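In this text, all values refer to a predicted model and were calculated from it rather than measured experimentally. All chains are named by letter (A, B, ...) in the order of the sequence lines, taking the proteins before the strands, and each is independently numbered beginning at 1.
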There are 2 protein chains.
Amino acid sequence: MESIATACSAVKGRPREFCTEQALAAALGVFWTKGYEGASMADLTSAMGITKPSLYAAFGNKEALFHKALDLYEAEKLAYTREALNQPTARAVAECFMRGAINAQCNSGSPKGCLGVISTTACGSEGQSIKDDVIARRASSQKALVERFEQAQQAGEFPAHITPQALCQYLYAILQGMAVQAGSGATRTELEQVVDTSLAMWPTR
Amino acid sequence: MESIATACSAVKGRPREFCTEQALAAALGVFWTKGYEGASMADLTSAMGITKPSLYAAFGNKEALFHKALDLYEAEKLAYTREALNQPTARAVAECFMRGAINAQCNSGSPKGCLGVISTTACGSEGQSIKDDVIARRASSQKALVERFEQAQQAGEFPAHITPQALCQYLYAILQGMAVQAGSGATRTELEQVVDTSLAMWPTR
DNA sequence: TAGATTCCATAACGGCCGGTATGTAATGCG
DNA sequence: CGCATTACATACCGGCCGTTATGGAATCTA
């Protein structure tokens, strides 16, 4: 009945024997490698080093665990997308997006490909709420990029026939295509070819 | 012991009560919608209108069924990629690829997205031979496109800094990105924005 | 120490998975 | 007809799925 905030560790019972952040990072690695439906509870608990009841007590269930892993993915692995928006020109923004994607997707030690792409393609009807979540997050980040491109348009960076909306859709297609290729075993060199070619074609006024 | 070719229907037993081609087309629809691992035998037999033993007798097993469905997909749904190579310029080839992809992936009545992209992303370790097959077929079709672009290069269609290999990798990234977007519910209009933007940037000598 | 509370470990649950054994119906051949 | 052959229909198999019940171990408060 004490209504005073007891958010701090006034822990009562037996203390937890694992670090939830560390376990979540391990879970992210599994989802990133195998996708939501491809990752079994046995895969997850094994990688996280905990048992199934511990996982359910700490994270709720498999779906809730995925959403939390997605939060971590956005916060850590997609940080470069927020920094990219601060670049001085739209072209520099696009280059940061693409080079950042290569670093994130070809980093040895991390799984290949993009968790967002993996989670929205394939998979049966089970993971529909997963797909919906990822699609909503993607729309949010696309919105930020469109706004950045509108700013560039007003600065006169584009020819008249290029719209910010279309350019964003185009850039995202390239990024998603690179993720598909990375997941299929493309080398860093091949992905850099895509980036260099894209930049060579980037519109100038 | 008769060694004379009896390939024709010298059927002996009870005749089959379903059309294998029709059943295969139905199976393709299920794989296209749900992916290899996402498609259960119950999904398949239900859509094909046959029972499990009939499926196994006619197609071997789930994996063999998928490879045959992939054959059908390449033959029917990817026919435009072979026609595209006959276009007079590399730019026209690329436009045929992209517009054909939109028609194939946004055709109401067909599932959204590209079966190849769906089959190589996500999914656990079970479908590795599936992924390998798709990746090999993709490499084969990329090879044909690179050769077409080399021909265009010798015809002087590109500036010096654009290589056929890189251009092919770039175009495939756009196509695969469009497939990701189509699978995520993008509209035909949005995909046409991607194509129009790509074509607006296409290199000229 | 006694009780309350929280976590860990084992084992079990119903349900679906891909694949198959079994018995019966339909055809061709002699 | 009797026989071989092939396909159909039902029911079943072991195994894995995500999830949870149960009981003991570890910590807090009193």
Test: A/Glu37 and A/Lys34 ion pair at under 4.0 Å: no
Separation of atom NZ in B/Lys62 from atom C1' in C/dC16, rounded to whole Å: 12 Å
Mutual orientation of the aromatic rings belonging to A/Tyr172 and A/Phe97 [parallel < 30°, tilted 30-60°, perpendicular > 60°]: tilted
Whole-Å gap separating P (C/dC17) and CD (A/Glu126): 10 Å
Atom-to-atom span, CD of A/Glu63 to P of D/dG18 - whole angstrom: 13 Å
Gap separating the CZ atom of A/Phe66 from the CG atom of A/Asn61, nearest 0.5 angstrom: 13.0 Å
Flag, side chain of B/Lys62 to backbone of B/Ala39, donor-acceptor distance under 3.5 Å: yes
DNA chain C-proximal residues of residues 43-53 of chain B, any heavy atom under 4.0 Å: B/Lys52, B/Pro53
Length of the line joining A/Tyr56:OH and C/dT10:C1', which is rounded to integer Å: 16 Å
Please enumerate all protein N or O atoms sitting under 3.5 Å from an N or O of nucleotides 4-6 of chain C, with distances to 0.1 Å.
{"unit_1": "C/dT6", "atom_1": "O2", "unit_2": "A/Arg14", "atom_2": "N", "d": "3.2"}

Phosphate-side-chain proximity, A/Ser54 and C/dC8, N/O vs OP1/OP2 below 4.0 Å: yes
Integer-rounded Å distance: C/dC8 C1' and A/Arg16 CZ: 11 Å
Flag, side chain of B/Glu190 to backbone of B/Thr187, donor-acceptor distance under 3.5 Å: yes
Rounded distance in Å - CZ (A/Phe18) to C1' (C/dC7): 9 Å
Residues from residues 27-42 of chain A lying under 4.0 Å of DNA chain D - heavy atoms: A/Ala39, A/Ser40, A/Met41
